[in-house]
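Encoded as structure tokens, the structure appears first; notes follow it.
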Protein chains: 2
Amino acid sequence: MNTANKKRIPESTISRLNLYLREVLILNELKIPRISSADLGERTNLSDAQIRRDLNYFGSFGKTGSGYAVPELVKSLRKILGREEFWNIAVVGAGSLGSAFMKYSGFNKENLHLIAAFDNDPAKVGQKINNIPIHDIVQIRPVLQEKKIAICVITVPAQNSQAVVDEAVAAGIKCILNFAPVALTAPDDVIVRNVDLSGELEILTYFLVH
Amino acid sequence: MNTANKKRIPESTISRLNLYLREVLILNELKIPRISSADLGERTNLSDAQIRRDLNYFGSFGKTGSGYAVPELVKSLRKILGREEFWNIAVVGAGSLGSAFMKYSGFNKENLHLIAAFDNDPAKVGQKINNIPIHDIVQIRPVLQEKKIAICVITVPAQNSQAVVDEAVAAGIKCILNFAPVALTAPDDVIVRNVDLSGELEILTYFLVH
DNA sequence: AATTGTGAACCTCTTCACAGCT
DNA sequence: AGCTGTGAAGAGGTTCACAATT
């Protein structure tokens, strides 16, 4: 009967909640009215207990005996994941990875909007990729503020990434997704998540020899 | 005094070992002869105990009182991570993310070689990106075998990724890095690692509202 | 009969702390 | 004196298993 819970929530729970949201969005399209934790587990390769535990960190959304109502679960998961509001996103670094982000339209729904890019290459500044304008990096602070950007995706070379973080933080950004393979420094109230793409590839050789 | 250990090794340990290798390669360039777990911890934002524990899964590489000899540590880490041999890599899907991989030369050292790509678009087949030839996807099986590819990076749309896995497995591939946001099926002796790029972005909104 | 919500058990990974080595 | 290697404790996350509910 609780609707919120003080217990510390594992980060892996948040990733899974996002998977659940994807799945129930599909179920909702298919007009499937309800789903049990066991069935949702089947579809996501997770255990029923894991799913119930994850959801219960945030409340009691299910009905004993009949599972979870799909439209309500969509709503609850959107609420939990902060997907009821709109969020503007900018990519810093319009190189190959930054461009890949701009060309990928998969997240230009569900209230996420990639609307600006930055680069220091004069040949790129002023151009558009997938209709997203590339601004001069020297304009980063005013443009981030003007366009009300909430999230920065950093795809610049490692040696420039800390400087970008500093500028973004100065512009009031609270959330950064970093692809440079370096440990970045930011104030405690700024969330920095790191994705190490070449690291992901590099560790595969371990599994090949073991 | 042990040189190997039966205990189960956390996957996070493997990722960290890769970070240690990067770091000691830099130290080696700088001709720094030895490093303590505390100093390496400083450089990687990890605790000294964590580093000793990680290394000790694989042996006793340090010297009591003086730390770890850098050149020996480079050698040991390369050995552990399977980086003493050469490995050929192919990218399947020469879209924006696949192209980003091809253009990124950061891992074309340390014995990893991205040497082939595949796509089903006639306009791309026969072209080269960063000198890497793009083959017709229908030729995937013979080309993977001919070129002795060990690792496949899958960057095709979600709906095609399982078919690609099946082809790769049929060609004898044992190691796959998958970027499609779907749960893939493969035999137990095939390692599939998943990276969910849009998921990484999507969960950020959670942290923004909490 | 079906399925949730959850305390407790379990398992995994990290940190502590120190004996022992150089 | 400095630092590793590691048993033991601690923290964190997952699974079990079942009472409670519809």
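On a predicted model such as this, the values are computed, not experimentally measured, just so you know. Letters A, B, ... are given to chains in the order of the sequence lines, protein chains preceding strands, and every chain is numbered from 1.
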Nearest to the side chain of [X] - [options]?
| X | options | answer |
| --- | --- | --- |
| A:Thr64 | C:dT3, D:dC3, C:dC13 | C:dT3 |
| A:Ala49 | D:dC16, C:dC16, C:dT3 | D:dC16 |
| A:Ser60 | D:dG5, C:dT14, C:dG5 | C:dG5 |
| A:Asn56 | D:dG12, C:dG5, C:dT4 | C:dG5 |

Expressed in angstrom and rounded to an integer, what is the separation of [X] atom [atom1] from [N] atom [atom2]?
| X | N | atom1 | atom2 | answer |
| --- | --- | --- | --- | --- |
| A:Glu11 | D:dG12 | CD | P | 13 Å |
| B:Leu40 | D:dT4 | CG | P | 10 Å |
| B:Asp48 | D:dT4 | CG | C1' | 10 Å |
| A:Leu55 | C:dT4 | CG | P | 10 Å |
| A:Ile14 | D:dG13 | CD1 | C1' | 13 Å |
| A:Lys63 | C:dA1 | NZ | C1' | 18 Å |
| A:Arg34 | D:dT22 | CZ | C1' | 11 Å |
| A:Tyr57 | D:dG13 | OH | C1' | 7 Å |

[N] phosphate, OP1 or OP2, under 4.0 Å from [X] side-chain N/O:
| X | N | value |
| --- | --- | --- |
| A:Arg52 | D:dT14 | no |
| B:Gln50 | C:dT15 | yes |
| B:Ser47 | C:dT15 | yes |
| B:Tyr68 | D:dG2 | no |
| A:Ser12 | D:dG12 | no |
| B:Ser37 | D:dT4 | yes |

With no angle test and no hydrogens, is the base of D:dT15 tied to the side chain of A:Arg53 by a donor-acceptor pair under 3.5 Å? yes

Which part of the nucleic acid, if any, lies within contact of A:Arg16, taking any heavy atom under 4.0 Å across all strands shown: a base, the sugar-phosphate backbone alone, or nothing? sugar-phosphate

Does some side-chain heavy atom of B:Gln162 sit less than 4.5 Å from a side-chain heavy atom of B:Thr185? yes

Strictly below 4.0 Å, N to O, side chains only: are [X] and [Y] in salt-bridge contact?
| X | Y | value |
| --- | --- | --- |
| A:Glu72 | A:Lys63 | no |
| A:Arg43 | A:Asp39 | no |
| A:Glu84 | A:Lys75 | no |

Residues that B:Tyr20 engages under ring-ring contact (aromatic ring centres under 6.0 Å, His included), provided they are two or more places apart: none

